[in-house]
Amino acid sequence: MKHIAVASTAEIRRALADLPGNALFRGQVAHYEKNGIPSVVTSFDRKGCIPSEMVKWCQYASNVLEAFIGDSVSSLDFTQALLQHYGWRSFFVDCSASAAVSSWFASHVYSERERFDLCEDYEERAVMLLKRMAHYDYAEGDGHLYVFDRPLSQKLVGVTDLAALKLSNARARTEAQSAWLLGPLNNAAVPLECFVAHIRASRSVFRDYASEEGFLQTDDLFPSTKEDPILRALLGLPWKRIDQRNNDTGLLVFRRALELPEYQDSFIKIASASTAFFQGARAADRGSIDGCRYGGITVAVPEVVLFGTAGAAPLRFPKVQELLAKHRSVVFEVDELIQHPAMRGRVLYQKGIAVTAHEPDLIELSALLVEHPGLDMTAAGLNRGWFYRVGGDGAWKRESHPDECDCGNEPTHLRHISSLHIAEHHLASGNLAD
């Protein structure tokens, strides 16, 4: 690895010209070493993992990819890309094909602060919104530009070009940053063999080089919702009420379902009806749920039932069937509002799944949906689902039925099966929500 010190943008250009043309770059305002070699690690290694938040981020990232890109790139790598670039953590190190982009990051220091916005729901009822406002600001000091050998990095740890995340008539963050991923890395730093060079300079030199290449301000690298539909979708998710200590305003306080760092002002005085401020309302408390033909019961379950993903397993649900034998209909409800891509711009959300025994051995598996404009849940009901026949060995097998859902979206119904596996596990373990 070469160690290169430069003092001007002209020297940066000469240094880059002498390096391989198929390199990847990463800029940092601080240099870290371990045992005398550069230590570049993933955000998971720096900040740790919060499983409950991770499963939510993964589910919403997958939903966004499915909506805007399609199933062809809905892979782990691209899901991790959204985690990394929109504010969560991943098993990858983000880098760029652009030295200028990385130079901007080598000269600007990240910071964030909490901010409260006072706004109103669509019926003009006041609420307080807690937001994470993020900033990148130039600060004097030294910056660091790391250069990686792309082919060797591909061989040793893997690399992913995020160009496939380009959207027509839009400019997503990954495109603006010419983004690539290095990894996945499992509790390890980027291997020394991947480094081609470590370029060191005053941050003012990196800032000026980035500026010469057209990167002058934060919006150049972090497009606003006007340009970035992925960001717009993530910021359009429901808000959830929180208990805020020392809140003497008497107003309800909410945070985003996903707490993204925000680089632009998102203040809106009066929110639309499609903005949900969820206070914890339960469909079970409404007395009845539309579509529940046989009454039945509602079981509160952890949010992982909807956000998690179960591995492939035989379709056997003995604990669920015990409940069905007693109640004929069982609704599994979480303390969240889940917004899928097809629901954007509407007041419709998923809040659980439901199983209905139309016959002792004929089960319908569907979703619990609610309408939640602004602060209120105004309706709850079951949509049409897929039907399953229970065999003598207890195994479920899908069966065509005149009343089945005809949406044609197989992944949606497979997610219901995954959720039912997780609900079965929680029933068996007794680990249910309060």
Side-chain angles (χ1 to χ4, degrees), residues 1-9 11-49 76-77 80-81 83-85 88-111 136 138-162 174 177-207 209-210 221:
M1 177 177 63
K2 296 181 179 179
H3 294 272
I4 305 170
V6 298
S8 68
T9 59
E11 289 184 14
I12 287 181
R13 295 182 185 279
R14 286 196 293 271
L16 293 174
D18 292 336
L19 296 174
N22 58 352
L24 295 174
F25 304 91
R26 177 177 173 83
Q28 295 183 182
V29 293
H31 174 70
Y32 301 97
E33 290 188 0
K34 186 175 182 179
N35 299 325
I37 63 175
S39 178
V40 175
V41 299
T42 70
S43 49
F44 264 151
D45 288 322
R46 294 195 306 272
K47 302 175 183 178
C49 177
L76 172 64
D77 292 353
Q80 294 282 311
L83 300 183
Q84 184 75 20
H85 286 276
W88 189 236
R89 305 160 193 177
S90 80
F91 300 103
F92 293 73
V93 168
D94 53 322
C95 49
S96 175
S98 167
V101 166
S102 296
S103 292
W104 192 89
F105 284 105
S107 57
H108 290 75
V109 178
Y110 176 85
S111 63
Y136 273 100
Y138 172 76
E140 296 291 338
D142 286 343
H144 305 268
L145 181 65
Y146 303 102
V147 185
F148 303 114
D149 184 312
R150 188 189 304 175
L152 188 56
S153 297
Q154 171 68 61
K155 180 180 178 181
L156 294 179
V157 296
V159 297
T160 304
D161 180 7
L162 301 181
T174 48
Q177 297 179 15
S178 300
W180 285 65
L181 294 177
L182 212 67
L185 299 168
N186 297 316
N187 300 316
V190 176
L192 179 61
E193 294 85 351
C194 295
F195 289 83
V196 174
H198 172 196
I199 302 175
R200 183 171 186 154
S202 166
R203 292 177 191 165
S204 62
V205 174
F206 285 124
R207 176 199 60 194
Y209 173 65
L221 293 162

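Computed from a prediction, not measured in an experiment: that's the story for all the values here.
Sorted by first and then second residue, the salt bridge (Lys or Arg N to Asp or Glu O under 4.0 Å) pairs with a member in residues 180-200 read D142-R200; sequence neighbours excluded.
Contact between A23 and R150 at its shortest, heavy atoms only, is O-NH2, 3.4 Å. E11 approaches V6 most closely through the heavy-atom pair OE1-CA, 3.3 Å. Annotation for L16 and A99: closest pair CD1-CB, 3.6 Å, computed over non-hydrogen atoms. Considering every non-hydrogen atom in both Q154 and V159, the closest pair reads OE1-CG2, 3.0 Å. Counting all heavy atoms, side chain and backbone alike, A15 lies closest to I199 at CB-CD1, 4.4 Å.
With rounding to the nearest 0.5 Å, the separation of CG in L181 from CG in D161 is 9.5 Å. A distance of 9.0 Å separates CG in D149 from CG in L156, rounded to the nearest 0.5 Å. To the nearest 0.5 Å, atom CG of residue L182 and atom OH of residue Y146 are 13.5 Å apart. Taking OG1 of T174 as the reference point, atom CG of D94 lies at 11.5 Å (rounded to 0.5 Å).
Using a 4.5 Å cut-off on side-chain heavy atoms (C-beta onward), S153 and L24 make no contact. The closest side-chain heavy-atom distance from V157 to V190 is not below 4.5 Å. With contacts defined as side-chain heavy-atom distances shorter than 4.5 Å, the pair P38/M1 qualifies. Residues S204 and Y138 meet the side-chain proximity criterion, which asks for heavy atoms closer than 4.5 Å. The closest side-chain heavy-atom distance from V109 to R203 is below 4.5 Å.
For S39, the side-chain contact (heavy atoms from CB on, under 4.5 Å) criterion is met by Y32, K34, V41, A189, not counting sequence neighbours. Legend: residues meeting ring-ring contact (aromatic ring centres under 6.0 Å, His included) with H85, ordered by chain and number and at least two apart, are absent. Partners of F148 by ring-ring contact (aromatic ring centres under 6.0 Å, His included), not counting sequence neighbours, listed by chain and number: F195. Residues meeting the side chain to side chain donor-acceptor pair (under 3.5 Å) test with Q28, sequence neighbours left out: R26. Under the ring-ring contact (aromatic ring centres under 6.0 Å, His included) criterion, W104 pairs with H108, Y136, not counting sequence neighbours.
Taking the six-membered ring where the residue is Trp, H198 and H3 present perpendicular rings, their angle passing 60° and hence far from 30°.
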L145 vs Y209, test: side-chain contact (heavy atoms from CB on, under 4.5 Å). Steps then yes/no. CA-CA 12 Å; L145 181 65; Y209 173 65; over 6 Å; no
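Looking at S98 and S96, their side chains never bring a donor and an acceptor atom within 3.5 Å of each other.
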